[in-house]
Asks: 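My structure is below; once you've seen it, I'll send some questions.
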Amino acid sequence: MNSAFKVLIDDVEDYYNNIEDLKVLGPADPFQIRNHLSDRFDFSAPVPIENLINEVSKILRKWVIHTTHPRYFGLFNPTVSPASIIADTMAAAYNPNLAVWSHSPAAVEMERHVLRFLTGKFGMDPDSSIANFTSGGAEANHTAVITALTQAYPDYGDTGLAAIPDKPVIYVSKGAHDSFVKINHMTGLGRNALKKIDTSPNLKLDMEHLRKQVRDDRAAGLKPLFVAATAGTTGTGTIDLLEEIADFCSAEKMWYHVDAAWGGAAVLSREQKKHLKGIERADSVTCDAHKWFFVSMGAGMFFCRHPEAVSRAFRVSSTDYMPWSTSGIQEPYISGIQWSRRFIGLKVFMTLAEMGTEKFENILDDNARLGRLLKDKLIEKNWEIVNNTPLPVICFTHKKIRIGDTSTGKILEKMYERGRAWVSEIKLDGNARALRACITNFR
Ligand SMILES: *Cc1c(COP(=O)(O)O)cnc(C)c1O
């Protein structure tokens with residue numbers, strides 16, 4: 001086995017060091033990939049692992065978009081730190097199961113350590129809050145809604161929504177992440193109980209519309225429960241008016257959630273963190289380490305200042321097979337959605353430890369600076385910027401696109417054909433589209 005691990009290291013190192021020589025993407029056709037796999041792998045005869053590593057490496061180099069490439073201006077997938085790659089390998093090798101503390105004391109404590117550090121950065125008190133690693137932001141948002149429902153209706157977990165006389169409603173902006181659509185279905189609230197609030201011209205959740213919708217819903221006998229503010233929307237990087245939403249929720253006695261899946265990383269910056277003011281008042285926060293903490297997928301995080309509600313939400317009466325519980329420990333498998341769970345937090349722990357906070361601050365602020373530079377250069381070349389955020393997501397269009405001389409689709413087709421860089425497009429109001437470039441990259 002020894003040499004196989006060496007082959008692996010050589011491959012990973014070569015990919016990491018020489019990624020700039022690759023195209024960001026090449027042409028991919030599902031039939032070509034399927035035929036290749038059918039030809040090569042019928043699983044009848046064993047393949048030596050060294051050959052297998054080389055084969056898989058070739059396949060991956062050819063047929064994925066290289067999200068860690070310096071010219072991938074993409075969908076919140078960062079360049080990953082070497083510490084993260086190493087940590088994921090160690091997590092696989094040691095394979096601790098983080099369901100119960102007694103089974104993986106060191107791993108659970110390392111996660112707790114890094115989560116307490118980040119809880120403080122979000123302005124919550126680590127001693128009176130709870131935090132979990134999740135598969136990603138969608139699971140963290142899901143955890144938030146389940147917890148908010150349990151806080152408002154302590155019997156929700158036992159009797160289900162059907163036994164609740166109210167009709168609880170969730171509010172997000174039209175720019176919010178659509179994980180809430182699935183969450184409304186999965187929690188039993190129903191997709192119709194998700195109200196998408198208009199955005200104002202600056203793309204932030206429109207407070208006037210929110211006030212009116214909540215007023216109308218109360219009048220119609222519904223029960224406004226939960227507002228998810230977004231701190232860095234997926235499309236345009238827009239940060240909602242966090243303090244105003246916090247005030248509104250506290251006046252209306254609603255749960256104030258902040259979905260900071262991508263933008264939350266700014267709490268670790270020097271210059272960007274001021275834009276998240278108001279997040280410290282949240283009942284719960286979603287943040288994805290796999291978006292702007294330079295760690296590999298999947299590493300979501302859920303922070304909440306109501307530990308009792310979380311315990312109540314995810315408790316089970318008893319199990320016959322789990323190892324013993326430890327007194328004074330909030331057991332992971334009854335603190336969230338997952339049961340057996342991989343050591344997600346190690347890559348966050350090792351990335352923060354290896355870089356140190358100062359380097360981290362510098363990279364985040366430098367990414368923001370590159371975003372501003374891109375914006376300035378685009379304006380200089382007569383492009384028009386259509387979003388407004390201090391964070392490094394730039395959405396841009398051009399007069400020729402607006403009048404129909406060309407389209408974002410045509411531009412992207414050419415760009416993807418060349419394979420030198422990758423940016424995406426977003427749909428604006430109506431049918432208009434703009435190009436979108438995001439910088440989550442320390443290369
Ligand atoms: C990416 C994203 C999510 C979903 O997170 P996953 O890690 O993909 O599950 C939720 N909210 C926002 C704002 C996001 O950008």
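Start at 1 and go down the list; that is how both ligands and their atoms are numbered.
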Asks: Could you identify the single nearest non-hydrogen protein atom to atom 6 (P) of ligand 1 and state the distance to 0.1 Å?
Replies: Gly137 N, 3.3 Å
Asks: If you measure from NZ on Lys291 to CE on Met297, what distance do you get to the nearest 0.5 Å?
Replies: 10.0 Å
Asks: Of the protein's non-hydrogen atoms, which lies at the shortest distance from atom 10 (C) of ligand 1, and what is that distance?
Replies: His177 CG, 3.3 Å
Asks: Could you tell me the residue and atom name of the protein heavy atom closest to atom 9 (O) of ligand 1, and the distance to it rounded to 0.1 Å?
Replies: Ala138 N, 2.8 Å
Asks: Between Arg443 and Tyr16, is NZ or CZ placed under 6.0 angstrom from the six-membered ring centre and within 45° of the ring axis?
Replies: yes
Asks: Extract all donor-acceptor atom pairs below 3.5 Å that involve side chains of residues 385-397 and protein atoms in other chains or at least two apart in sequence.
Replies:
unit_1	atom_1	unit_2	atom_2	d
Asn387	OD1	Cys395	N	3.1
Asn387	ND2	Thr236	O	2.9
Asn387	ND2	Val393	O	2.9
Thr389	OG1	Gly237	O	2.7
Thr389	OG1	Leu391	N	3.1

Asks: Just by distance, with hydrogens left out, do His177 and Thr234 show a side-chain donor and acceptor under 3.5 Å apart?
Replies: no
Asks: So if I count the atoms of ligand 1 from 1 in the order they appear, which ones are less than 4.0 Å from some heavy atom of Gly136?
Replies: 7 (O), 9 (O)
Asks: Only heavy atoms of His290, strictly under 4.0 Å: list the atoms of ligand 1 that pass.
Replies: 7 (O)
Asks: Under the side-chain hydrogen bond (donor to acceptor under 3.5 Å, both in side chains) test, which residues partner Arg61, sequence neighbours left out?
Replies: Asp11, Asp14, Ser57
Asks: Check ligand 1 against Thr234 and write out every atom of the ligand that is under 4.0 Å from a heavy-atom position of the residue.
Replies: 12 (C), 13 (C), 14 (C), 15 (O)
Asks: Considering non-hydrogen atoms of the protein only, which is the closest contact for atom 2 (C) of ligand 1, and what is the distance?
Replies: Lys291 NZ, 2.3 Å
Asks: Check each atom of ligand 1 against the heavy atoms of Phe76 and keep those under 4.0 Å away; list them by number with element.
Replies: 15 (O)
Asks: How close does the nearest protein non-hydrogen atom get to atom 7 (O) of ligand 1, and which residue and atom is it?
Replies: Asp288 OD2, 2.6 Å
Asks: Any atom of ligand 1 sitting under 4.0 Å from a heavy atom of Glu139?
Replies: no
Asks: May I ask you to check whether His66 and Tyr72 place their ring centres under 6.0 Å from each other?
Replies: no
Asks: Would Asp216 and Lys212 count as a salt bridge (charged side-chain N to carboxylate O under 4.0 Å, His left out) if you check the C-alpha gap in whole Å, the side-chain angles of each, and the deciding distance to 0.1 Å?
Replies: CA-CA 6 Å; Asp216 291 354; Lys212 178 174 184 322; 2.7 Å; yes
Asks: State, with a plain yes or no, whether a side-chain heavy atom of Met350 is found less than 4.5 Å away from one of Ser84.
Replies: no
Asks: Quick one: look up the protein heavy atom nearest atom 11 (N) of ligand 1 and list residue, atom name and how far away it is.
Replies: Asp259 OD2, 2.6 Å
